[in-house]
K.L.:
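Below: one structure in structure tokens.
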Number of protein chains: 2
Amino acid sequence: MTTDADQNDAARLAPEADAAPLPAPEQEPPLSPGFTDDYLLYLLAAASARASAEFHTLVAAHGLRVPEWRILACLASREGLKVTELAHQTLFDQPRLTKTLNVMERAGLVLRRSDPSDRRLALVSLTPEGRARVEPLLSLARGHEAQVLSRFPAADRRRLKAFLVALAR
Amino acid sequence: MTTDADQNDAARLAPEADAAPLPAPEQEPPLSPGFTDDYLLYLLAAASARASAEFHTLVAAHGLRVPEWRILACLASREGLKVTELAHQTLFDQPRLTKTLNVMERAGLVLRRSDPSDRRLALVSLTPEGRARVEPLLSLARGHEAQVLSRFPAADRRRLKAFLVALAR
DNA sequence: CAAGAATGCATGAAAATTCATGAAAGAAAA
DNA sequence: TTTTCTTTCATGAATTTTCATGCATTCTTG
């Protein structure tokens, strides 16, 4: 269903140091504590990858690839971005963005126009077609987000997002 | 310095709906609220990418590529993982992991041995060389993590990690 | 104004990644 | 036990991504 990362699940959540004299009836899961299990950067990557995987299936179902979705979603609120700005926003490096934009421009989703006041700049915007394609996904994204956040009490939702903003500097 | 994603920074943190009758003295940053600025999956991706970028320079400085670091870090605590398990842990899909393991095996960092009780399984472990290469990075990783987390009060650190674990399911 | 430096984006070749599929081993069914 | 199904990992071809660099434009400075 999802992209990947949802295969085995076996045992997880090994208890801390429980009772010492336990005869350990099962020898199957040797699960050690694991460096990564408590390492912030890993937890971030895992949370991002796993939480996004669900939504990415919706993106694919709408005929878009994930990088395209990201670009369209950024442009939906901020039109006329410079390529460099958009690259920063989308977390892509510039050559990658340029090449993805080429494809999307050919597909009629985005539009590049050169800034008359500085002809080095290429300002990127959505075409009507691009907007039409991204709009339904924006709704789905909000719905999916609400669903994911529904696991947390409202106060925690704000706190969580604040953490993430702080981590992104 | 870092991999990417540290270019312009201009303004960020647009205030919510502040005062309506603001004459908006500056017209420079047209920064709209921005869908992505409050979208959980984007905040996760951005936090992960930006926070990791710093550390990734250390990885590169130690002659490892990021995927290799991730694999070694997972194996550091959990030896003898099946390829599929390791793929799940590292958030890579299986073919990608297999190919990266090929390179790392040739480089003498990891070792694949086939499980005698089920010869389909390839159990992956660190070689002494692999362990020697990853160990200093594990220390650096802990240090870097501590530095990142130092921005937050101790109670929040636990809460943040708990959030992330919950998000990763 | 004419270098020279800097900035913004594009591009090409090499490398990595993806997707579908292959092959080997084990499990289940007949 | 022989088929058939399933699981696990590897692989190949096509696509993407990366890294360094090129080209055009603007900015700086003498």
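All chains are named by letter (A, B, ...) in the order of the sequence lines, taking the proteins before the strands, and each is independently numbered beginning at 1.
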K.L.:
From CG of B:Leu101 over to P of D:dT8, roughly how many Å is that when rounded to an integer?
P.N.:
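So the two atoms are 16 Å apart, to the nearest Å.
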K.L.:
Want to settle it: does A:Val103 or A:Arg120 sit nearer the 5' end of DNA chain D, counting the closest nucleotide to each?
P.N.:
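Comparing both residues, the 5'-ward one is A:Val103.
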K.L.:
May I have the distance from B:Phe92 (atom CZ) to D:dA10 (atom P), rounded to whole angstrom?
P.N.:
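Distance, rounded to whole Å: 16 Å.
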K.L.:
Does atom CZ (A:Arg131) have a neighbourhood of more than 12 heavy atoms from anything else shown, all under 6.0 Å?
P.N.:
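Counting other residues, nucleotides and ligands, CZ of A:Arg131 exceeds 12 neighbours.
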K.L.:
Take the angle between the ring planes of A:Phe163 and B:Phe163 and call it parallel below 30°, perpendicular above 60°, tilted in between.
P.N.:
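Answer is tilted, since the angle falls between 30° and 60°.
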K.L.:
Write down the protein N/O and nucleotide N/O pairs, taken from nucleotides 11-13 of chain C, whose separation is under 3.5 Å; answer none if there are no such pairs.
P.N.:
unit_1	atom_1	unit_2	atom_2	d
C:dG12	N7	A:Lys99	NZ	3.4
C:dG12	O6	A:Lys99	NZ	2.4

K.L.:
Respond yes when some side-chain nitrogen or oxygen of A:Arg119 is under 4.0 Å from OP1 or OP2 of D:dT25, and no when none is.
P.N.:
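Affirmative; the distance criterion is met.
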K.L.:
For A:Leu97 and D:dC19, what is the distance between atoms CG and P respectively, to the nearest whole Å?
P.N.:
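The answer, rounded to whole Å, is 16 Å.
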K.L.:
Rounded to whole angstroms, how far apart are NE2 on B:His56 and P on D:dT17?
P.N.:
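Atom NE2 in B:His56 sits about 17 Å away from atom P in D:dT17.
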K.L.:
Assess whether a salt bridge exists between B:Arg142 and B:Glu145, defined as any Lys/Arg side-chain N lying under 4.0 Å from an Asp/Glu carboxylate O.
P.N.:
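Looking at B:Glu145 together with B:Arg142, the answer is no, because their closest N to O distance does not fall below 4.0 Å.
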K.L.:
Would you say D:dT16 has OP1 or OP2 under 4.0 Å from some side-chain N or O of A:Arg65?
P.N.:
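Yes, because at least one side-chain N or O of A:Arg65 sits under 4.0 Å from OP1 or OP2 of D:dT16.
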K.L.:
So which of A:Arg112, A:Arg78, A:Arg113 actually passes side-chain hydrogen bond (donor to acceptor under 3.5 Å, both in side chains) with A:Ser125?
P.N.:
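Testing each of A:Arg112, A:Arg78, A:Arg113 against A:Ser125, the sole residue satisfying side-chain hydrogen bond (donor to acceptor under 3.5 Å, both in side chains) is A:Arg113.
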K.L.:
To the nearest Å, how far apart are B:Met104 CE and D:dA10 P?
P.N.:
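Rounded to whole Å, this separation is 14 Å.
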K.L.:
Do B:Val83 and B:Leu101 make a side-chain contact, defined as non-hydrogen atoms from C-beta onward lying under 4.5 Å apart?
P.N.:
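They are in side-chain contact.
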K.L.:
Got A:Leu164 and A:Leu44 here, is their nearest side-chain heavy-atom distance under 4.5 Å?
P.N.:
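Result yes, sub-4.5 Å side-chain heavy-atom pair found.
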K.L.:
Measure the distance from CG on A:Asp93 to C1' on C:dA16 and round it to the nearest whole Å.
P.N.:
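Roughly 13 Å, once rounded to whole Å.
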K.L.:
So, OP1 or OP2 of D:dA10: does either fall under 4.0 Å of a side-chain N or O from B:Arg112?
P.N.:
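Yes, because at least one side-chain N or O of B:Arg112 sits under 4.0 Å from OP1 or OP2 of D:dA10.
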K.L.:
State which of D:dT26, C:dC9, C:dA25 makes the closest approach to the side chain of A:Asp118.
P.N.:
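Per side-chain heavy atoms of A:Asp118, the pick is D:dT26.
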K.L.:
Checking side chain to side chain contact (heavy atoms under 4.5 Å, CB included) between A:Val165 and each of B:Leu43, B:Asp37, B:Asp38, which is the one that passes?
P.N.:
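The residue from B:Leu43, B:Asp37, B:Asp38 that satisfies side chain to side chain contact (heavy atoms under 4.5 Å, CB included) with A:Val165 turns out to be B:Leu43.
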K.L.:
Can you measure A:Lys82 atom NZ to C:dA10 atom P for me and round it to whole angstrom units?
P.N.:
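Atom-to-atom, A:Lys82 to C:dA10, this comes out as 13 Å.
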K.L.:
Using atom CG of B:Asp115 as one end and atom C1' of C:dA24 as the other, report the distance to the nearest whole Å.
P.N.:
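Rounded to the whole Å, the gap is 15 Å.
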